[in-house]
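Nothing here was measured: the structure is a model prediction, and the numbers come from that model. As the structure lists them, so they are numbered: ligands from 1, and atoms in each ligand from 1.
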Amino acid sequence: MGDKVKQWQDDPGATGSPINLIEVPTPNIDTQTLPFEIEDTRPEPELYDPRTKEFRYWNAVGALQRGIDFWKAILPTSIKWEEEVGEKLRIKLDEGVDLNANYDRQALNFYHDRVNGTTVYSGESPDIICHELGHAILDAIRPQLWDAMSIEVAAFHESFGDISSILSALQLKSIREEVITQTNGHYLSSRLSRLAEQLGWAIRSKHGSESTDLDCLRNAVNFFFYQRPETLPPRAPASSISSEPHSFSRIFTAAFFEAVCNMLLTLNSSPNEADLLQISQVIGQLANDGILAAPIVPRYFSQVASHMIIADSSRNGGRYTESLKAAFVKHGILSLRAAKEVTRLHSSMLSISDNQPIELPQLAISGERFGLEVDTITVNLAGQTGRFHVESAAVAGEDVAVYSAVDAANSFVEDLFQQDNVELQRPEIASFVISESISAPARRKTHKLLEENGRLVLKRQFFDCGLKCGCNKLDSL
Ligand SMILES: [Zn+2]
């Protein structure tokens, strides 16, 4: 048995370092906490060449183990996969032709496609593997987010996937050294901020230059500023923000990435790789604390942000409070007033995590609004109680009662129907049905309208890594 295997550092298409392929000790697959199982014959560990199935197996094991080791050091020791997943998370490295990957509460599913003579496997990219893993980790921490009908909640799930990729990549010393050399810890684009370079290239080659960011799938260094998601169109070129969750997620991811930089420079104005490792662990912990404490409400970004700041007061004596505030204010996630108020609200916020109901409230909303020939459909609302007034810049001064969880659900569900993302058991109830001939072949839809006890209930089927910026056959016409 070989004691070393080869793997990509963060993505097969990453540029910058002359050494992208590294040799690492054969990963010891941990079967205790958050166990996973790759559904493939396990090849003997050896130094396989990239582009072989055997390489992809050990490359995936390495990426998954790195991501899981990072998160399990932060999460409560009792953490388990979401109930429907079962004891082990299954990993399916090649489920057929597509430029995508997804998490569906059963498995992490990956695909392949041939583009300009190159076969691109989404399961070969540690960035994509750790993004999908991030969905599964967040689902284990906060399963109520899965079906909450809110643009910001869905976008946060995507952002957390990208955050998981970034923090997992930072567990590699070679990545930390390269990023420090290139950026000195400043908020600059680097291989760390560029996520899924190869898949981004493949999608642009097939679907046009505006279907992803210019140099990768999504870049965490960007200058998008928070806007009310319900005022945005449901899709837009990658150079603009839309209410599509992957697109909108880039605002939170950017603020998070800038917070990493600010915290690093607060720790040491001439940071080294060990400082960066420390900050990756500190902010990972604050993210977990913030998610556990934040109520699930329509303006979810500002709630998570403010609870991360509060967590910093408790855990670190407020050492990174200004770093966090500056990042969230710069990207509009917290208004200037909220940034001032948030520390004052400290004591009242802490009690909130104790009294969150397990399940989100359900409500029947009008089907007519979505062109359906049914009176109502039932949805889960981002309607937890106990919210307090911290707001994003674009909604500063907005009365909390003005934009309700029902409004948020209507906006989100309307986007889903407009973009043909709902699978219907009875297609005849819809205002239009896209036939197989003009829809993308075998395109799975993120949501499903199911009959349950005489009601039509809208439920999520999966989270993917994001091709909604124009990547089905209909969009590319
Ligand atoms: Zn995703």
Cation-pi check, Arg56 onto Tyr121 ring (under 6.0 Å, within 45° of axis)
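Yes, a cation-pi geometry.
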Quick one: does NZ or CZ of Arg228 land under 6.0 Å from the six-membered ring centre of Tyr403, within 45 degrees of the ring axis?
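No cation-pi geometry.
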Tell me the protein N, O or S atoms under 2.8 Å from the Zn ion (ligand 1), in chain and number order.
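Atoms qualifying: His131 NE2, His135 NE2, Glu158 OE1, Asp464 O.
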So, do His447 and Phe412 have ring centers that fall under 6.0 Å from each other?
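Yes, they do, as the ring centres are separated by less than 6.0 Å.
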Parallel, tilted or perpendicular: ring planes of Phe252 versus Phe156, cut at 30 and 60 degrees
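Perpendicular, since the angle between the ring planes exceeds 60°.
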Which word best sums up how the rings of His135 and Tyr103 line up, parallel for under 30°, tilted for 30 to 60°, or perpendicular for over 60°?
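Taking Tyr103 first and then His135, their aromatic rings lie parallel (interplane angle under 30°).
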Partner of Asp213 by side-chain hydrogen bond (donor to acceptor under 3.5 Å, both in side chains), out of Arg204, Arg194, Arg218, Arg250:
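When Arg204, Arg194, Arg218, Arg250 are each tested with Asp213, the side-chain hydrogen bond (donor to acceptor under 3.5 Å, both in side chains) holds only for Arg250.
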